[in-house]
Structures are given as C-alpha cells and as structure tokens.
Undergrad: 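Here you go, one structure.
Order of listing sets the numbers, starting from 1, for every ligand and every atom in it.
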Amino acid sequence: MEDLFLKALPLLHELKKHGWQAYFVGGAVRDVHMNRAVGDIDIATDAPPEEIENIFPKTIDVGKEHGTIIVLFDGESYEVTTFRAELEYEDHRRPSGVHFIKSLKEDLKRRDLTINAMAMDADGKLIDYFGGLQDIKEKVIQTVGDPAERFHEDALRMLRALRFMSQLEFALSGKTKTAICENRQLLAHISTERKTVEFEKLLKGKAADRALAMAADTGLYKELPGLAGKKDGVRSAGVFPFYKLEKRADIWAAFISMVSIDAADAPAFLKSWKLPGKIIKQAVHVAESIEKKWDRLSMYEAGEETLLSACKIHMLKEKGEIDDRRLAEIRQAYMELPIKSLKDLAVTGGDLLNLRNKPPGKWVSEDLKQIELAVLKGELANQKKAIEEWLDACSQT
Ligand code: ATP
Ligand code: MG
C-alpha cells in the first residue's frame, strides 16, 4: 500500500474497531491504480456523521446533512463520508435529499464514472463492482450505469467526463458520447461556479485537445459561458498546451487568445465565467500583451509579471514550449530598465514645484511623464541634478 494510504490507515482501523465498515474510495483509489500521484484521500463508512464525530477527537462539520465530516489526524485532513444513496434529483443538479445506507455497493453506484467508483479495504484489496479497473486498462471514461439517466440526475457529470478525459488522457465511451450529444442542454441547469471548476481542470489536463475536440463534436461547448458561437475557436484552442502554464490568469489569457475572443469582449467573457475581478484584470492585461513588440517603454508599461506571462504564452503559441534561456534574457532586460515605476524617478512632483516655482497644475504630471520617458529611453540619467539641468535646458528651448 502507498505511504499516503498507510498514513490514513489508522482511521479505517479505528472505525472498524467501533464496529463500522470503512474503505478508501474515489479519486485516490483510481490514481493509485494508474500509478499517478495520489491527491486527497477520501474515506467512506457506514458510520453516521455523529458517530464519526464521537470516534475522532478532531473533526470539522463540512456538510453533516450530506454525511461529510473532515477528520484531522496526524497533521492531515481526510474527508470521511457516510455511505449514502441519493433521493430523487431536482433540476438535473442536486438530489432532493440523501439517506444513509449500509451498503458500500450502493454508495459506489451513485458515483459518476466507473473509474471513480472503486474502493480499497484496509488490507489493500480493490473492490470494483462496475468495471473501473478494466476501464483504466482500456483508458476509457464511462458512467456507472446508463449515461443518459446519470446526466439527467446531475448534468455536471457530462463536463466531468470531459475533464477526466483531459486529465487522464482517456477516450470517451461511445455510449457516453451519444448521451452527451443528446443531453447537453441539461448543463444549463448547472451553476457557473461548478462549471468553471471543472473547465479549469479540463484546460490544465494533458489531453485538453481531446476534451475540447469532444466538447466541439458533442455540442457541449454551446452550454459553456460565452462559447456558444465559437465551435472552431474551441477546437483550435486544443493545440495550446495550457498545462505548461501555472497561473490561473495566464491560462484564461491563453484561452481567450486561442478562441479569438475580441479584446473588447474579453472582460465580459471572463465575467460570464464568474472569475474574480483580479484574475479578469490580469488575464485581460496579459492577453492584450501576447503579440506585443517589446521595447523599453512597452516592458515598463506592462510590468514584470505581465511581460513574462505574455512572453511565455507567445512562446507556447509559436513553439509549443517555453524557452527558459530566452525568458531569462527578457527578465534581465526588464531588470536593467533604469526605472520600474514612477516612484523610482529621482525627482517627485514636489521637487518640480520647488524647482519651477509655479502653482500646481497639470504641468506637473506632464513634466513627470516627459522625464520618465527620457529616463527610460536612456537619454537622461535618473539623477536629481541631471534631471534639473535637463528641465532647465528644455524650458530654454
Ligand atoms: P480530483 O483528483 O480531481 O480531486 P476526484 O475523483 O477526487 O478527482 P472529486 O471531484 O474530488 O474528484 O470527487 C470525489 C469523488 O466523488 C469522485 O471520485 C466521485 O466518486 C464522486 N463524485 C464527485 N462528483 C460527483 C458527481 N457530480 N456525481 C457523482 N459522483 C461524484
Ligand atoms: Mg478529490
């Protein structure tokens, strides 16, 4: 058993000691059978939430009514969820309620995809009722049970299927694909926030190209914010390796550039994904800078972060990879700028007022702007005395 599971094993033993069933479930079981890095370890048990709280000294109630308690143990936190079956679904997005059950099989049956519906017991034995391991071997994504039915219950599962295609580099089963084609409109019932979480994971996956092509083929793209008329853009965005970028704003900047969202429409497009204002601002700024010709002035105006982000995206668009040496050179050129902001100028507005002995007015910022430009161009040293002389000379001509 992997170290991360061994570390969490005492939780299973503790639950079992109290007479309950307990298993590792979900993504971690999938990942360990794919030799992928295991993320969060989730545990499922037939112990009701109150019992989980009684058994473990440190717990956080994050959704007791749905059966989820976080257990803090040995410096880690684990989601421990009571086996549950979901009642009737409302609006294609949430069950009207859940009830706690005794059967692991029933709990696994409500999970979305076969590869996500496996469990592992305390001895490391795999429990796989729905052919998850076979699908891992065949590299195929399919739902547990009838896909159309499962998408009617919760339409987000269609986007999750594409997200896992991208992350795991898997294909989509024919039946699941057909069900997406036929039920894609149901995605309209899902909140933007949930769609955004899955879509960002999709973009960051290694096979985003496959998933975006599938979104285009099935028509699912039409149900995504701002993409309804952008079939070709969605498909062609797939050639960009989003996974080579780290920052959220950069990923969105690259996406709007690849889909060819007009600069004027970019803020509204990003807002339709309900992204935070700060990310929107950064992404727009970076997107506008991708095709820029860089000189001292444009580097200064962009600032270090936007400059480097825009250059990385440009390299990825052109060559598919980031040239670290070239990037270091660009950073060096930025570092060598005589000033990085107006604050770095050797004179302030106050200095100009003293020097000129004129009442304050628009001229102060205009003069500062001229000094800034001359310093950046290397025509003027950023020293108080030199600037004063330069101003004198200017006013005499
Ligand atoms: P990741 O590594 O990205 O966290 P994960 O498989 O853990 O992948 P989560 O979104 O964290 O994915 O969900 C945890 C588990 O809960 C899934 O493996 C799946 O069994 C179940 N699950 C999550 N969302 C749904 C859903 N919409 N419908 C059914 N089951 C779901
Ligand atoms: Mg998870």
Undergrad: Does ligand 1 come near enough to R157 that some N or O of the ligand is less than 3.5 Å from an N or O of the residue?
TA: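 By distance alone, the answer is yes.
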
Undergrad: May I ask you to decide whether K340 forms a salt bridge with E304, counting only side-chain N to carboxylate O separations under 4.0 Å?
TA: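 No, K340 and E304 are not salt-bridged.
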
Undergrad: Can you tell me the protein heavy atom closest to atom 6 (O) of ligand 1 and the distance?
TA: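 Answer, as residue, atom name and distance: R30 NH1, 2.8 Å.
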
Undergrad: Relative to the heavy atoms of G26, which atoms of ligand 1 are at a distance of less than 4.0 Å?
TA: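 So the atoms of ligand 1 that pass are 18 (O).
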
Undergrad: State the atoms of ligand 1, each with its element, that fall below the 4.0 Å cut-off from a heavy-atom position in K201.
TA: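 In order of number, 3 (O).
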
Undergrad: Hey, mind stepping through F199 and F255 against ring pair (Phe, Tyr, Trp, His ring centres under 6.0 Å) and telling me if it holds?
TA: CA-CA 11 Å; F199 192 70; F255 187 66; 5.4 Å; yes

Undergrad: Does the distance from a Lys or Arg side-chain N to an Asp or Glu carboxylate O, for K206 and E169, drop under 4.0 Å?
TA: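 Here K206 does not pair with E169 in a salt bridge, since their nearest N and O are not under 4.0 Å apart.
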
Undergrad: At what distance is the nearest protein heavy atom to atom 27 (N) of ligand 1, and which residue and atom is it?
TA: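 Minimum-distance protein heavy atom for atom 27 (N) of ligand 1 reads D154 OD2, 2.9 Å.
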
Undergrad: Does some non-hydrogen atom of the protein lie less than 4.0 angstrom from atom 11 (O) of ligand 1?
TA: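 It does not: no protein heavy atom is found less than 4.0 Å away from atom 11 (O) of ligand 1.
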
Undergrad: Quick one: look up the protein heavy atom nearest atom 14 (C) of ligand 1 and list residue, atom name and how far away it is.
TA: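 Checked against all protein heavy atoms, atom 14 (C) of ligand 1 sits closest to D42 OD2, 4.2 Å.
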
Undergrad: Flag the pair R84 / T82 as yes when at least one side-chain heavy-atom distance between them is below 4.5 Å, and no otherwise.
TA: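 In short, these two side chains do not touch, never coming nearer than 4.5 Å.
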
Undergrad: What is the closest protein heavy atom to atom 15 (C) of ligand 1, and at what distance does it sit?
TA: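 For atom 15 (C) of ligand 1, the nearest protein heavy atom comes out as R111 NH1, 3.9 Å.
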
Undergrad: Compute the ring centroids of F73 and F56, then answer whether they are less than 6.0 Å apart.
TA: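 No, they do not, as the ring centres are separated by 6.0 Å or more.
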
Undergrad: Please name the pair of heavy atoms, one in S257 and one in I290, separated by the smallest distance, quoted to 0.1 Å.
TA: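 Shortest heavy-atom separation between S257 and I290 comes out as CB-CD1, 3.7 Å.
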
Undergrad: When rounded to the nearest 0.5 angstrom, what distance separates CD1 in I190 from OG1 in T196?
TA: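 Answer for the CD1-OG1 pair, I190 versus T196, is 12.0 Å.
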
Undergrad: Please list the nearest protein heavy atom to atom 20 (O) of ligand 1 with its residue and the distance rounded to 0.1 Å.
TA: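 The answer is N116 O, 2.9 Å.
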
Undergrad: Using a 4.0 Å heavy-atom cut-off, say whether D112 meets ligand 1 through its side chain, its backbone, both or neither.
TA: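 D112 to ligand 1: contacts from backbone and side chain alike.
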
Undergrad: Provide, to 0.1 Å, the distance between atom 1 (P) of ligand 1 and the closest protein heavy atom, together with that atom's residue and name.
TA: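 Ranking protein heavy atoms by distance from atom 1 (P) of ligand 1, first comes R163 NH1, 3.9 Å.
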
Undergrad: Fit a plane to each ring of F240 and F242, take the angle between them on a 0 to 90° scale, and name the class: parallel (under 30°), tilted (30 to 60°) or perpendicular (over 60°).
TA: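 Tilted.
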
Undergrad: What protein heavy atom is closest to atom 25 (C) of ligand 1, reported as residue, atom name and distance in Å?
TA: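 For atom 25 (C) of ligand 1, the nearest protein heavy atom is R160 NE, 3.8 Å.
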
